[in-house]
Amino acid sequence: MAKLWDLLPMYFELDMNLSLDHELIRIIESDKWMIEILRLVRDLHLNDCWIGAGFVRNKVWDEKHEKDRSALNDIDVIYYDKSNRTKEDDLQIENQLRTLRPKLNWSVKNQSRMHIRNGHEPYTSCYEAISFWPETATSIAVRLNLKNQIEYIAPYGLEDLFNLVVAPTPKFDLTTYKKRIQKKNWKEKWHKLEIKTTYSTTYPTITPL
């Protein structure tokens with residue numbers, strides 16, 4: 001039988017994950033602009049649809065650095081639909097969003113076809129697809145459900161994001177990752193970031209949703 005002190009690390013980990021879960025939701029819920037964007041995307045009624053990458057990552061980094069909102073290169077909308085697998089379908093959705101908010105740079109990608117560009121086996125969901133994104137802190141996406149509640153997916157958890165750690169995901173090419181980090185030069189904007197250039201020795205097990 002396990003002793004209480006043997007179980008404490010597990011309880012601590014669960015509490016920490018729950019705390020970060022609540023913190024992420026609090027940060028997004030308190031941002032009226034993000035909620036408006038999430039509502040616009042939700043109302044398109046796309047299957048398995050989320051907004052990820054810098055939309056979430058930059059917001060948390062700004063919050064941790066006590067900065068105003070940093071400009072986004074684009075807003076990454078992802079969804080999963082095997083029935084619409086052409087680039088033209090994605091462009092049509094982008095045009096819908098651009099009509100609603102023309103000043104924003106929308107990027108819409110159906111993850112059911114992105115494996116072709118990346119040279120992978122077909123993805124089964126957006127959750128699996130973002131596990132192939134470059135950084136653990138980037139591989140996070142959020143959405144607003146029909147009850148106006150924030151939901152998120154994060155194959156590698158939220159720890160790196162909130163600890164300001166920039167680390168490669170195990171499925172992303174390390175040479176490409178390093179070039180990307182150099183180009184992004186994130187530390188110039190968010191000086192507290194810890195940039196890692198090697199894979200971690202441990203990653204969470206990616207369990208299909």
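Below, each value reflects all heavy atoms present in this structure, side chains not excepted, and no hydrogens, waters or symmetry copies. What you see is a predicted model; the values in this text were computed from it and never measured.
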| Can you tell me if E128 uses its side chain to pair, donor with acceptor, with the backbone of T124 under 3.5 Å? | yes
| said: So for atom CD, which belongs to Q92, do other residues, nucleotides or ligands contribute more than 12 heavy atoms lying within a distance under 6.0 Å? | reply: no
| message | I want to check something: taking the side chain as every heavy atom from C-beta on, are K179 and T175 in contact at a cut-off of under 4.5 Å? | response | yes
| field | Close side-chain approach of V41 and Y79, heavy atoms under 4.5 Å | value | no
| query | Taking atom types as modelled, is there a side-chain donor on Y127 or D48 under 3.5 Å from an acceptor on the other? | reply | no
| Of all residues at least two apart in sequence or in a different chain, which pass the side-chain contact (heavy atoms from CB on, under 4.5 Å) check with K147? | N145, Q149
| query | Got I25 and E151 here, is their nearest side-chain heavy-atom distance under 4.5 Å? | reply | no
| query | Under a single-linkage definition using a 4.5 Å side-chain heavy-atom cutoff for Ile, Leu, Val, Met, Phe, Trp and Tyr, are W133 and Y80 assigned to the same hydrophobic cluster? | reply | no
| said: Looking only at the side chains, is there a donor atom on one of Y123 and N118 sitting less than 3.5 Å from an acceptor on the other? | reply: yes
| task | Could you check if a side-chain atom of C49 sits within less than 4.5 angstrom of a side-chain atom of I78, using non-hydrogen atoms only? | result | no
| query | Out of K187, E188, Q182, K183, which residue meets the side-chain hydrogen bond (donor to acceptor under 3.5 Å, both in side chains) rule with N185? | reply | E188
| said: Looking only at side-chain N and O atoms, does S70 offer a donor or acceptor that is under 3.5 Å from a partner on K189? | reply: no
| query | Under a 4.5 Å cut-off applied to non-hydrogen side-chain atoms, are V166 and T136 in contact? | reply | no
| request: Please examine the side chains of I181 and T197, heavy atoms only from C-beta on, and report whether any two atoms are closer than 4.5 Å. | output: no
| With a 4.5 Å limit on heavy-atom distance, are the side chains of E135 and P168 in contact? | no
| Salt bridge flag under 4.0 Å for residues K196 and D160 | no
Could you go through residues 105-113 and list every donor-acceptor pair under 3.5 Å that involves a side-chain atom there, pairing it with any protein atom two or more places apart or in another chain?
residue, atom, partner, partner atom, Å
N105, ND2, N73, O, 2.8
W106, NE1, L97, O, 3.4
W106, NE1, R101, O, 3.2
S107, OG, K109, NZ, 3.3
N110, OD1, D81, N, 3.0
N110, OD1, S112, N, 3.1
N110, OD1, S112, OG, 3.0
N110, ND2, D81, O, 2.7
N110, ND2, N84, O, 2.3
N110, ND2, S112, OG, 3.2
Q111, NE2, K109, O, 3.2
S112, OG, D81, O, 3.0
R113, NE, D90, OD2, 3.2
R113, NH2, D90, OD2, 2.4

| field | R39 bridged to E36 by N-O distance under 4.0 Å | value | no
